[in-house]
> 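Following this message is one structure expressed as structure tokens.
Sequence positions, counted from 1, serve as the residue numbers for this chain. For ligands, and for the atoms within them, numbers begin at 1 and follow the listed sequence.
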Amino acid sequence: MFDGTIWFLIIGLTIVHGSNWVWQCEDGYCKRESGQTERDGYSALKLCQLVCSNYLNIWPYPTGAVKSSKELVNINTKSIIFHYNGPTETVAYLTEITKYFEGHLKKDEPFSCEENLYNLKITFTPLCKEITSNLETNESYTLTLDSIGNEVNVNIIAPTVFGVRHGLETLSQILVSHNDDGSKCLSTLSNVQITDQPKYPHRGLLIDTARNYLSVDTIKKQIDGMAASKLNVLHWHLTDSQSFPFVSVRLPNMTKYGAYSSKKIYTPENIKDLIQYAEYRGIRIIIEIDGPSHAGMGWQWGPEAGLGDLAVCINKQPWRSFCVQPPCGQLNPVNEKLYIILRNLYSDITDISPDRRMFHMGGDEVFIPCWNSTPEILKHLRGKPLNEKTYLDLWAGYQRKNLDAYDTAIGHKNTSIVVWTSHLTQPEFIKNYLPNDRYIIQTWVPESDNDLITDLIKLGYKLIVSTKDRWYLDHGFWGTTNYYKWKTVYENPIYEKYTKAILGGEVCMWGELVDDSNIDSRIWPRAAAAAERMWSDPVTTADYAQTRFFAHRERLIERKISAEAVVPQWCAENEGECHSYL
Ligand SMILES: *[C@@H]1O[C@H](CO)[C@@H](O)[C@H](O)[C@H]1NC(C)=O
Ligand SMILES: *[C@@H]1O[C@H](CO)[C@@H](O)[C@H](O)[C@H]1NC(C)=O
Ligand SMILES: *[C@@H]1O[C@H](CO)[C@@H](O)[C@H](O)[C@H]1NC(C)=O
């Protein structure tokens, strides 16, 4: 009943000057043609794509059934009604996501489309009252859209508000605003049914605010990009040896000694604001305080305060002898006062976010020659052989006390602790040191190092995978590293091989060479390619996804995220004509 001709009746296109091109849907591609010819077409590429592209042009594509008509209808933007149907606890959340959704619709100039307008009624039905998310949160949703009389009725039903949010995001992607001959219209399809849920529960982006500071607004923009792409974890690498921007109320010296300036800091209010902002976009923030390595600035004040050295090798030169990156610094595992300081620091963090279910303790790139050259530590180890086992024991002892400090601060032992793969997490050592019911391992090995992943899974660990030679977005700008094109990011094969033990993954934007000025384009749209890998886990290649991907990049631009260009506009507008060019 829906053949490709009905839409002519509905939007009745007339093409005049200023609108040179129209698009025809042919063999699954939108082909651009001159609007002066006899044949009419869609007046905007994205209108054509809504009808013509796979999965209604949705990014990431839904994993369940997608059914739709090919008939377009125009929405009366002055008559959009929301109806909340669910536990009262969810109303505040739903009100917020409604505002966010409306923000996306009412861009630029007002809508002026006047013909055959439909009123839009959107009903949200979350079935549970929970309004915070974790690994077990059910993010599924069903979306149905029906046109009856002059009404378009949308129903989004989901176990949780997070599923409702994803459904609303999907809806915003199939509501297309476009200019027809000077009048702005909002159009959608007359009938749609979608069921959808993610393949992986942990779909993350790492940002690093220690190498270079990022403003709160810049972080919010990344959250917006994540929300548009249904990523759900912002991993915040908050501190490192270069700077300590986290304002600890109990330990004001940390930023006094560690922040780049009194402006380049994050107050508890900033962080609470970001956590809330993210939650309304379906995203949880996981904070990382890296240690024992990657700790220097901020930790210098111990001796003067009568606490001894909290960290050692701080700024020590020549740096290559004491760390992997300047400035050096590593926490002092033999100073018992360190653990009191850590406990206070963690109390400040759990005060900000008391229901925390996951916390990241870093643990990467511990540099033994630093400890090995520190008299206080050598004194402590006197009588023991200075071999690998002794240093691993020392490191693991630090980790045990560090964990105790965290558990004491939060008042229970229920938080999952994430650490990076390191010497300590090698399959031959890890079982002695890190219990698999407490620790989640984030792997950052290259794709070729599959064995480590297999081995850790066999040992019963749950993993977050950040394939270094595909998902390290900082690569390609330093040393011998390569830049990974969006297709390389998209086609990460790790996920095809394993399932349950892999919780998901994270693309990592290490901060050495990015700040407010360029981070958008370094992250986007490549992080969105990873987002589809983690949500949909496609068996198809990037070529099959590319027209949708190009369209999603435009969507990010519309949302004020400076996502880099991935193709000449001509290729985006002439689908199928630039195969294997980029
Ligand atoms: C989420 O809930 C939906 C609807 O009840 C169900 O079909 C689906 O299996 C659930 N997903 C998970 C991962 O439990
Ligand atoms: C902060 O550091 C100074 C040394 O610069 C020290 O005297 C003071 O006790 C420290 N403050 C706190 C609250 O630990
Ligand atoms: C910790 O987990 C246990 C077992 O699942 C649960 O009974 C307890 O309520 C949890 N405690 C907190 C504070 O979350």
> List by chain and number: which residues place a heavy atom under 4.0 Å from ligand 2?
Asn253, Tyr257, Trp301, Glu304, Ala305
> How are the rings of Trp486 and Trp59 set relative to one another: parallel (under 30°), tilted (30 to 60°) or perpendicular (over 60°)?
perpendicular
> Could you verify whether a donor N or O on one side chain and an acceptor N or O on the other, from Asn253 and Tyr257, lie under 3.5 Å apart?
no
> Pairs of donor and acceptor atoms involving the side chains of residues 311-318, under 3.5 Å and at least two apart or interchain, shall be tabulated with distances.
unit_1, atom_1, unit_2, atom_2, d
Lys316, NZ, Ser373, OG, 3.4
Gln317, OE1, Trp319, N, 2.9

> Using the ring pair (Phe, Tyr, Trp, His ring centres under 6.0 Å) criterion, which residues pair with Phe359? Sequence neighbours excluded.
Tyr346, Tyr406
> Taking 4.0 angstrom as the limit, do Arg470 and Glu447 come out as a salt bridge?
yes
> Which residues pass the ring pair (Phe, Tyr, Trp, His ring centres under 6.0 Å) test with Trp371, sequence neighbours left out?
none
> Can you list the ligand 1 atoms lying under 4.0 Å from a non-hydrogen atom of Pro159?
2 (O)
